Amino acid sequence: MAVDADVLIDWFDTHGRDLPWREPECSAWGVLVSEIMLQQTPVARVQPIWLEWMARWPVPSALAAETTGEVVRAWGKLGYPRRALRLHAAATVIAAEHGDVVPSDVDTLLALPGIGAYTARAVAAFAYGKRAPVVDTNVRRVVARAVHGVGDAGPASNTRDMADVEALLPAEDAPAAKLSAALMELGALICTARAPRCADCPVYDTCTWQHNGRPEYAGPAKPVQKFAGTDRQVRGLLLDVLRGSEGPVEKARLDIVWHEAGQRDRCLDSLLVDGLLEQTDSGLFALPGEH
DNA sequence: TATCCGTGGCA
DNA sequence: TTGCCAAGGAT
């Protein structure tokens, strides 16, 4: 057995981080907000924003009552601000159709905006203690190494990845949910992408990658995402102007953040289409609802 | 399935 | 300094 559940759970109980969304009293809503914020964003940057959100919007209906502009502003610089819009939309559905209670059923969660295969199962497991294969980038890497004996995970294959993890989970809900958290934590703290801390690994003795002599990753090269000069950068610069302003701004304020007019206007239009910005009757630009 | 969508820390 | 990387989802 490449991963002994009891061993890994014991390690997690001792070495797992004390994150606020892991506290027993944290609500399912708190777990959901944390999972959305943590998509592609490091824990250290999420934590202060999450604490603000929980104090300000302790239930889904509280968030749903805000303008999307205020939600985008409070999202700050976590990145990928469309997540904030989708979380607001999800909160609206939860308030209107689910009695202000975050669903516990994976399929119901999957129907909510911004919630995919990972987040639905993470909420089911971490908020409700259910047995569900929670597969994120950390877990994929741990399974690739400990089970398959290769240096890193290849391209994602949802069905296969979830089947791999499902096979590791204990039969009962509570230990399965605990193991899901432990697998993620192992990938985050020990079995890291760069310079894994194998000497401190609780499953060192049973790790297939160790037995194979820790071969280098031999799969297809992972596509590297550029950032400088892309629409992503320009959209970020444009939106940052509005986050830093009290109210609507003139287009001239936006024109100065990027030199190339064609790309700038295309990005501005895409922000309007996405609902991250609005144009006022007088032609000014504002966060949605803030004019 | 491949690509797009922000931001910042770190080696 | 530059490239890699960080609890993904939508299309």
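Fair warning: this is a prediction, and the values are worked out from it, not measured in the lab.
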Next item on the list: Assess the side chains of A:Q210 and A:R145: does a donor N or O sit below 3.5 Å from an acceptor N or O?
Entry: no
Checklist line | Separation of atom CG in A:D231 from atom C1' in B:dC4, rounded to whole Å | finding: 9 Å
Notebook entry, point to check: Pick the nucleotide of DNA chain B nearest each of A:L276 and A:A156; which residue has the one closer to the 5' end?
Noted result: A:A156
Margin query: Before we go on, tell me: are the rings of A:W53 and A:W75 under 6.0 Å apart, centre to centre?
Written below: yes
Item checked: Strand contacts (DNA chain C) in residues 247-257 of chain A, 4.0 angstrom heavy-atom criterion -> none
Checklist line | Pairwise P distance for B:dC10 and C:dA7, with rounding to whole Å | finding: 15 Å
Item checked: d(CG, A:L277; P, B:dC5) in whole Å -> 15 Å
Next item on the list: Please check if any side-chain donor atom of A:D281 sits under 3.5 Å from a side-chain acceptor atom of A:H291, or the reverse.
Entry: no
Note to self: Quick one about A:R22 and A:S34 (side-chain donor to acceptor, distance below 3.5 Å, no hydrogens or angles considered), yes or no?
What the structure shows: no
Note to self: Using a 4.0 Å heavy-atom cut-off, does A:P223 contact any base of the nucleic acid, only the sugar-phosphate backbone, or nothing at all?
What the structure shows: nothing
Margin query: Taking the cut-offs as 6.0 angstrom to the six-membered ring centre and 45 degrees off its axis, would you call A:R214 and A:W209 a cation-pi pair?
Written below: yes
Item checked: Ionic contact status for A:K178 with A:E172, cut-off 4.0 Å -> no
Checklist line | Per-nucleotide protein contact string for nucleotides 1-11 of chain C (B base, S sugar-phosphate only, - none; heavy atom under 4.0 Å) | finding: --BBSBBBSS-
Note to self: Can you check the distance between B:dT3 and C:dC4, where both ends of the measurement are the P atom (answer in whole Å)?
What the structure shows: 16 Å
Margin query: Quick test of your reading of the model: are A:R266 and A:D269 salt-bridged, counting only N-O distances below 4.0 Å?
Written below: no
Margin query: Does this structure show an ion pair linking A:D173 with A:K130, if we count only N-O contacts that are shorter than 4.0 Å?
Written below: no
Note to self: I need the CG-P distance between A:L237 and B:dG6, as an integer number of Å.
What the structure shows: 11 Å
Next item on the list: Give a yes/no on whether any side-chain N or O of A:R232 is located under 4.0 angstrom from OP1 or OP2 of B:dT7.
Entry: no
Checklist line | A:K77 vs A:R45 side-chain heavy atoms within contact, under 4.5 Å | finding: no
